[in-house]
Structure formats: C-alpha cells, structure tokens
Asker: 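Below: one structure in structure tokens.
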There are 2 protein chains.
Amino acid sequence: MITIQDVAHRAGVSAMTVSRVVNNQARVALATRQRVQQAIKDLGYVPNGLARGLLQGRSRTIALVVSDISNPFFTLIARGVEDVAQRCGYAVILGNSDETVEKERQYINVMLENRVDGLLIAPAGRGSRKVLDSLKQSGTKFVLIDRHVEGIMADLVEGDNVAGARQLTAHLLSLGHQRIALVNGSLEVSTARDRLLGYQEALQAVGIQPDLVRIVGNSYKRESGRGAARELLLLPDEQRPTAIVATNNFLAVGVIEALRESSVRVPEDMAVVCFDDIELASALDPFLTVVVQPARTFGTLAAQFLIDRLRGEEDIAPRRVILPPELSVRASCGARLRRPPHG
Amino acid sequence: MITIQDVAHRAGVSAMTVSRVVNNQARVALATRQRVQQAIKDLGYVPNGLARGLLQGRSRTIALVVSDISNPFFTLIARGVEDVAQRCGYAVILGNSDETVEKERQYINVMLENRVDGLLIAPAGRGSRKVLDSLKQSGTKFVLIDRHVEGIMADLVEGDNVAGARQLTAHLLSLGHQRIALVNGSLEVSTARDRLLGYQEALQAVGIQPDLVRIVGNSYKRESGRGAARELLLLPDEQRPTAIVATNNFLAVGVIEALRESSVRVPEDMAVVCFDDIELASALDPFLTVVVQPARTFGTLAAQFLIDRLRGEEDIAPRRVILPPELSVRASCGARLRRPPHG
DNA sequence: AAACTCTGCGTTATCGTTAACACTTTAGTC
DNA sequence: GACTAAAGTGTTAACGATAACGCAGAGTTT
C-alpha cells in the first residue's frame with residue numbers, strides 16, 4: 001500500500017507538503033506541487049480515508065437503512081439518496097432491515113462502528129424508538145424517511161399517508177363500491193397506521209362502517225397480501241368486499257396473485273388499488289390504480305437534509321416535509337373500461 | 001465520542017483489556033470481563049472501525065458498482081450481495097455508474113479511498129479495462145458481475161448471454177417469424193456483444209440474414225428502446241419486422257411504449273421478447289416473454305467469491321461461473337392466445 | 001525447592017494522515 | 001540596513017485501536 005510517506009520521499013518533500021497538495025491547500029510552490037503530483041501519479045497513491053477519517057472524526061460516508069431495497073419504492077429512494085450523496089462527496093452504505101427492528105438495530109450498529117457521519121432510516125416500527133433515542137443521545141445525526149416514530153423529533157421526509165389512503169378509498173366509493181376492504185401492513189409502522197386512518201375517514205364520511213380490515217402480521221410482504229386476500233375470498237357473498245385497498249405495492253401484488261388463483265377477475269369481480277407505483281410495470285401496462293409517491297424526491301430531500309446538518313446546521317429545529325401523493329387512475333379500479341393493455 | 005480509553009478508565013483496567021473483551025479473546029478473568037462489559041454498556045461505547053481498520057489494514061467493507069440500481073435486475077443483485085455481506089460481517093457501499101466509464105472510475109476511486117476490502121463491479125464498458133487493470137496491479141481484489149471485459153482475468157459471475165439470445169430468437173422463429181429485429185445496447189458492454197452473437201447465430205442457423213439490428217448509443221436505457229422501436233416502425237411494410245428482441249428489460253419497456261404510441265398491438269401486430277424479468281410486473285400480469293437470469297444468485301455468488309478471496313484464497317485461479325438463463329414464455333411473443341391478464 | 005507453565009493483565013509502538021506550530025527564506029517597508 | 005510580513009516547507013503530536021511483547025503471580029512438575 002502506497003502511503004503519503006512514499007510519495008513524500010519520491011518527491012523529495014515532507015509528508016505535510018504532499019498532504020497540502022492532495023487537499024488543494026495554498027502555500028505550496030507551483031514547482032513543488034507539480035513534482036508531488038507527478039509522484040502521486042507515478043506511484044498510484046490513493047489517500048487513506050480511514051486515517052483521515054480517524055483524525056478528522058468524520059468518514060464522508062452516510063448510511064441508508066430501508067426495509068427492503070428490492071421494493072421499487074425504496075429502490076428509487078436509494079437512487080435519489082445516492083445521487084445527492086455522490087454530488088456532495090459522500091459514499092452510501094446500504095442496509096435492509098426486512099421490517100425487523102432487531103436486524104435494523106444490528107445494521108445501525110455496524111454503521112456506527114464504521115463511523116458513518118449520519119444515517120437515513122425508514123424505521124421498521126415503533127420498536128425502532130429505542131435505537132433512534134440512543135442515536136439522538138449520542139448526537140448522531142439522522143433523518144427519517146417515509147416513516148415517523150412517535151416521540152422521535154428528527155428531520156423527516158414522508159408522504160401524506162392519511163390523504164393518500166383517503167383518496168384511494170374515496171375513489172372506490174365514487175365508483176359505487178360499498179364493501180371496501182383494507183389489506184394493511186403491521187401497525188408497528190407509521191405508514192400503516194396513517195393509511196388505516198385515511199381509509200376509515202373516507203368510509204365514515206359517507207356513513208360506512210370500516211370493518212373489512214385485514215391487518216397482516218408480516219408487514220408489507222407479498223406473501224402476506226396473498227394470505228389476506230384469500231381470507232377475504234372466504235367470506236360469504238353478502239359480506240365479501242367488491243374492492244380492496246392494499247396499503248403498499250407488495251401487498252397489492254400478493255392480493256392480485258391470490259385473486260387470480262381463485263379466478264376472480266380484476267377489476268370486473270374485484271377492484272384493487274394500492275399505494276406506491278411499480279414504475280416499470282405501469283409503463284408496460286398501466287393496470288394498477290395507485291397513489292404514486294415521489295420516491296426519488298424522498299431520497300434526494302432526505303439526503304440533502306442530512307448533509308445540511310452534517311455541514312453544521314446543528315441547532316435548527318427538525319424539518320418535517322410531507323409530500324403529497326398523486327392518484328393515478330388506471331384499470332384495476334374499474335374506473336374505465338379495460339382497454340387492450342398492450343397495443 | 002466514547003473511546004476505548006474511557007471504558008478502560010471506568011472499568012479500572014487498561015485499554016488492552018477492554019480490547020480483548022470487545023473482541024472476545026480469551027485470557028480475561030470472568031469478573032474483569034463483566035466489569036468491562038458493564039462499563040461498555042454504561043457509556044454506550046461503540047468501537048471505532050476507522051481506527052481498527054487503519055491498524056489492521058482492512059475495513060470490513062465491500063463496494064458494489066452497477067450501472068443503475070433502479071433496474072430490477074441490479075436491484076436483485078444488490079439484495080443478494082447485501083445478504084451475503086451482512087452474514088459475513090461486511091458492509092456494502094453502493095455506486096451507480098449510469099453506464100459511464102468516467103463515473104465508474106470516480107466511484108471506484110472514492111471506494112479505494114474508503115479502503116474497501118474488495119469490489120463487485122458490473123463494468124460500464126470496454127473502457128473499464130483501464131481502471132480494472134490498475135486495480136489488478138495494486139492487488140485490490142474484485143469480482144466482475146454480469147459483464148466481462150476482454151483481457152481482464154478475474155473472478156466472474158455472468159449469464160450465458162449468447163445462449164439466452166439464441167433461445168429468444170429461436171423461439172420467435174419457431175412461432176413463424178421471419179423478420180426479427182434486435183434492439184441492442186451499446187457494444188461497449190459484453191452482454192450486448194454476446195446477445196448480438198446469439199441473435200445472429202439463431203438466424204443464420206435457418207439461413208436468415210440478421211440485418212434488422214438497431215444498436216442504440218446509450219446502452220440499455222428506456223428512452224433508447226423507444227427511439228429504436230420508432231425507427232423500426234418507419235420501415236416500409238415489407239421490411240418492417242414482425243418481432244423484436246430487446247436485449248434488456250429497460251429497452252423492452254421503451255420498445256413497448258413506442259409501439260403503444262403508434263397503436264401497434266403486442267403481440268398481435270408485433271411480438272416482443274427480452275432479457276431479464278421485471279419480477280413484480282410479471283407477477284401482476286405475466287405478459288412479457290423473457291429469458292430470466294438468476295440475478296439474486298449473481299449477487300450472492302459474486303459476494304461469496306469476493307469474500308473467499310478476502311479470507312485468503314490469494315492465488316487460486318480466477319473462477320468464472322456462467323449461469324444459464326431460463327426462457328419464460330408468456331404473452332408478448334404471441335405463443336399462446338392472449339388470456340385475460342387479470343383474473 | 002527449583003524450574004517451568006499458564007493465566008491475567010499492562011506497556012509500547014504503530015497504522016496513515018493532518019492540525020498546530022515552528023522555522024527558513026524572500027520580499028517589502030521605512 | 002534593520003524590521004516586518006508573507007510564502008514555503010518541516011516537525012511533532014495526536015486520532016483510537018491493537019499486535020507484540022513483557023511481567024507478576026499462581027499452579028504444576030520433577
């Protein structure tokens with residue numbers, strides 16, 4: 001491994017001078033600078049970030065902890081984060097909590113060991129409060145993405161989940177549906193609670209009892225959506241819903257898989273709507289009616305907030321940004337005749 | 001920041017003893033060990049990975065550089081990498097090259113500064129050779145994922161792109177298509193070259209001139225697919241293809257968007273097939289006929305290879321694993337009647 | 001009881017970089 | 001020409017952890 005000493009020796013200067021050249025500081029004679037740069041090139045010197053980080057107390061690295069990067073929603077967030085981080089000279093370390101507080105805790109710990117300068121977290125649940133509290137206490141900067149946690153005051157970028165769920169439900173109501181079921185993730189997660197609320201509000205506003213709620217234990221997983229839909233199909237005809245609101249894309253896919261299994265047509269026999277778009281799927285076939293959240297913006301904003309803090313905005317009050325979702329009406333709600341999807 | 005010294009002081013021992021406790025080494029009396037553990041807990045001590053890394057010459061971090069994490073193919077790779085890395089105690093730093101050699105070079109450099117122990121790279125093109133050579137020379141371990149580079153001997157996990165393209169093309173031939181176009185990414189990338197080859201082989205085997213090739217400049221982007229398809233549609237009827245092989249999922253989506261624009265039905269008026277599944281889209285509606293690559297396995301295998309090397313298998317000859325793709329026949333090729341997609 | 005072994009701990013030096021300070025030399029001022 | 005200022009460079013000491021070695025005391029062997 002080539003060190004700054006090696007470069008210094010080759011260029012006939014001290015390590016300090018090399019350091020100054022590397023960091024573009026003034027007070028180095030042009031000739032010296034060029035000699036050093038040549039030596040750096042010759043030897044292929046790459047500064048040791050660990051040593052620098054140790055000394056300066058920062059690593060120019062941030063962490064991103066989400067539940068599952070393979071969910072397109074989080075993928076887009078990651079992409080947004082990455083773009084901003086890169087522009088600002090930060091590297092991004094990734095972690096998947098799989099909606100588990102314990103795995104989340106482990107990851108955060110690893111990241112603290114790696115001395116990330118700050119973290120972006122989509123907390124796995126209310127149980128995340130403990131870790132977040134300890135982060136707070138240790139003065140580690142972090143920003144919450146997509147989900148809040150009761151009692152944790154921190155920068156936050158999330159969607160308006162109540163309004164989104166209200167919109168989805170109201171849209172189904174406007175199409176004449178009366179028995180609308182909700183397939184929801186674990187209420188550990190704030191988005192699930194808020195989406196439940198929006199659903200309830202919309203139904204109560206028109207005097208319907210919101211009792212067709214299925215809350216799956218394993219938050220936001222495809223398999224859970226399948227199970228919930230199967231249950232709903234077992235209901236006697238007069239109780240069976242005519243429409244389903246899935247509170248995220250994974251659940252919706254599971255729901256649709258279960259419906260297909262039982263030869264229930266969408267939207268003819270059952271309308272289905274959900275949160276969060278699946279971008280490529282929609283491009284291929286604009287089928288699923290969803291409320292789209294600006295996921296990439298979640299990422300860029302959150303990263304920006306974090307980096308702002310790292311750059312010294314210590315004591316500004318936490319910022320909370322709530323981005324509005326947008327209803328995208330497509331085929332699966334039955335709002336319009338199903339058109340030939342491809343062509 | 002709490003250091004090992006602070007803990008040592010509180011527990012009434014030397015830093016060395018604390019270090020031994022933290023690293024689970026023997027030769028510490030039980031009573032002492034417990035006292036130290038208590039102190040660690042009390043103070044909330046987290047070992048400083050930078051310091052440790054500096055001393056030991058490794059960071060327990062690996063890098064993953066792909067062209068675009070928002071492509072589901074790479075997302076799955078990332079997920080696979082992450083799983084293995086986590087189990088083996090490594091953190092993963094992510095980078096998107098956007099198919100640009102220059103951006104790739106920058107990322108790799110940042111990662112070298114961060115002293116990653118090794119890298120997983122899906123190289124942006126032939127131009128990546130330079131960086132990879134210098135990695136090689138500096139003794140940095142890396143594994144190529146999904147793409148090889150002429151002249152670079154390194155561990156490699158990729159798909160059988162020639163066979164995959166051959167299968168796709170042969171399948172279209174078996175359905176009676178004679179004029180089959182290829183919409184391909186930049187030949188900078190090995191997958192594009194191999195897929196072109198497979199396409200040519202399949203056509204030449206039945207005596208058809210493979211001349212309906214569109215190679216887009218901007219490798220594997222949706223917009224490029226759209227442009228290429230538009231061009232194909234401008235051809236006079238007797239030259240216009242009746243089927244299109246897109247060499248990746250993004251291109252296929254673009255192609256289909258362009259076809260829809262012009263009210264060309266898929267598969268009735270134009271068959272479309274491509275490389276790489278879009279998992280959620282297929283679950284929602286098994287529409288696109290594709291050859292599926294085991295992307296997640298790409299990730300787990302490559303990560304495993306890298307970590308094996310890091311653990312000391314210095315001088316084993318580079319391993320090259322070529323995983324077979326699997327043809328998944330669905331609607332877009334017209335192989336079977338279009339069935340009602342949802343229900 | 002002398003010689004050895006093993007346990008349980010501490011000391012010292014080091015990883016690569018840079019902040020803070022110190023030292024020359026040259027240029028500029030009166 | 002003495003004095004100050006600035007430019008250009010070097011020295012020293014730290015950042016936090018641990019490898020290598022050292023050393024006291026208890027236990028074991030001969």
Side-chain angles (χ1 to χ4, degrees), chain A residues 1-37 39-40 43-61 89 109-110 112-117 138 140, chain B residues 1-37 39-40 43-61 89 109-117 138-140:
Chain A
M1 196 52 33
I2 309 292
T3 78
I4 202 171
Q5 306 289 350
D6 302 330
V7 177
H9 190 251
R10 178 175 246 261
V13 295
S14 77
M16 199 53 225
T17 300
V18 177
S19 172
R20 278 190 270 253
V21 171
V22 169
N23 296 293
N24 263 319
Q25 293 182 19
R27 291 188 155 227
V28 177
L30 184 61
T32 312
R33 186 178 293 271
Q34 286 170 342
R35 205 149 27 94
V36 169
Q37 274 160 348
I40 289 175
L43 297 173
Y45 167 68
V46 179
N48 187 327
L50 300 179
R52 181 185 284 167
L54 176 58
L55 190 60
Q56 301 186 334
R58 67 208 178 86
S59 59
R60 296 214 141 263
T61 298
N109 226 52
V110 168
L112 290 181
E113 287 204 17
N114 283 321
R115 288 300 189 268
V116 295
D117 294 342
S138 71
T140 310
Chain B
M1 197 53 33
I2 309 293
T3 77
I4 201 170
Q5 308 288 347
D6 301 332
V7 177
H9 191 251
R10 176 175 246 261
V13 295
S14 76
M16 200 53 225
T17 301
V18 178
S19 171
R20 278 189 270 252
V21 171
V22 169
N23 297 293
N24 264 317
Q25 294 182 21
R27 289 185 157 229
V28 178
L30 184 61
T32 312
R33 186 179 293 272
Q34 285 170 344
R35 205 149 26 92
V36 170
Q37 273 160 349
I40 288 175
L43 297 175
Y45 167 68
V46 179
N48 187 326
L50 300 180
R52 182 185 281 166
L54 176 58
L55 190 59
Q56 301 185 332
R58 67 209 177 85
S59 59
R60 296 215 142 262
T61 298
N109 226 52
V110 168
M111 288 161 173
L112 291 181
E113 286 204 17
N114 284 320
R115 287 303 188 264
V116 294
D117 294 342
S138 72
T140 309

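Proteins get letters first, then strands, A, B, ... in listed order; numbering begins at 1 in each. Since we're looking at a predicted model, the values are computed, not measured. Quick note: numbers below take in every heavy atom, side chains included, and nothing from hydrogens, waters or symmetry partners.
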Asker: Among the candidates D:dG16, C:dG8, C:dG10, find the nucleotide nearest to the side-chain atoms of B:N48.
Answerer: D:dG16
Asker: With a non-hydrogen cut-off below 4.0 angstrom, is B:V13 in contact with a base, only sugar-phosphate, or nothing?
Answerer: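 It contacts sugar-phosphate atoms only.
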Asker: Please round to the nearest 0.5 Å and tell me the distance separating atom CZ of B:R35 and atom CZ of B:R10.
Answerer: 12.0 Å
Asker: OP1 or OP2 of C:dT18 less than 4.0 angstrom from a side-chain nitrogen or oxygen of A:N23, does that happen here?
Answerer: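 Yes, within the criterion.
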Asker: What is the separation between atom CD on B:Q56 and atom C1' on D:dG16, rounded to the nearest whole Å?
Answerer: 12 Å
Asker: Counting distance only, does the side-chain N/O of B:T61 pair as donor-acceptor with the main-chain N or O of B:S59 below 3.5 Å?
Answerer: yes
Asker: Distance check needed: C:dG16 C1' versus B:E113 CD, whole Å only.
Answerer: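 After rounding, the gap between these two atoms is 13 Å.
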Asker: Under 4.0 Å: is that the gap between some side-chain N or O of B:T3 and OP1 or OP2 of D:dC15?
Answerer: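 Negative; the distance criterion is not met.
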Asker: Of the options C:dC9, C:dT11, D:dA17, whose atoms approach the side-chain atoms of B:A29 most closely?
Answerer: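 Selected nucleotide (nearest to the side chain): C:dC9.
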Asker: To the nearest Å, give me how far apart CD1 (B:I4) and C1' (D:dA14) are.
Answerer: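 Answer to the nearest Å: 17 Å.
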Asker: To the nearest angstrom, how far is A:Q25 atom CD from C:dA19 atom P?
Answerer: 6 Å
Asker: Within the structure, does a side-chain N or O atom of B:R52 lie under 4.0 Å from either OP1 or OP2 of D:dT18?
Answerer: yes
Asker: If you go through the side-chain atoms of B:R20, does one of them form a donor-acceptor pair with the base of C:dG10 closer than 3.5 Å?
Answerer: yes
Asker: Using whole Å, report how far CZ of B:R115 lies from C1' of C:dT17.
Answerer: 11 Å
Asker: Starting from P on C:dC15, measure out to CE on A:M1 and report it in whole angstrom.
Answerer: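 Nearest whole value for this atom pair: 14 Å.
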Asker: Does B:Q25 offer a backbone N or O that forms a donor-acceptor pair with the side chain of B:N23 under 3.5 Å?
Answerer: no
Asker: What is the distance from CG of A:L55 to C1' of C:dT14, rounded to the nearest Å?
Answerer: 15 Å
Asker: Can you figure out which of C:dC9, C:dT18, D:dG8 approaches the side chain of A:S19 most closely?
Answerer: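 For A:S19, the side-chain atoms sit closest to C:dT18.
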Asker: Under the 3.5 angstrom rule, does the side chain of B:D117 hit a backbone N or O of B:R60 as a donor-acceptor pair?
Answerer: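 Flag set: sc B:D117 to bb B:R60 pair under 3.5 Å.
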Asker: Phosphate oxygens OP1/OP2 of D:dT9: is one of them under 4.0 Å from a side-chain N or O of A:T32?
Answerer: yes
Asker: Can you confirm whether B:L54 sits close enough to A:N48 that some side-chain heavy atom of one is under 4.5 Å from a side-chain heavy atom of the other?
Answerer: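 Yes, their side chains come closer than 4.5 Å.
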Asker: Is a donor-acceptor pair below 3.5 Å formed from side chain A:R33 to base D:dG8, judging by atom type as modelled?
Answerer: no
Asker: Whether B:S14 contacts C:dG10 is assessed here as follows: a side-chain N or O lying under 4.0 Å from the phosphate OP1 or OP2. Is that the case?
Answerer: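 True: B:S14 side-chain N/O within range (under 4.0 Å) of C:dG10 OP1/OP2.
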Asker: To the nearest Å, give me how far apart CE (A:M16) and C1' (D:dG8) are.
Answerer: 12 Å
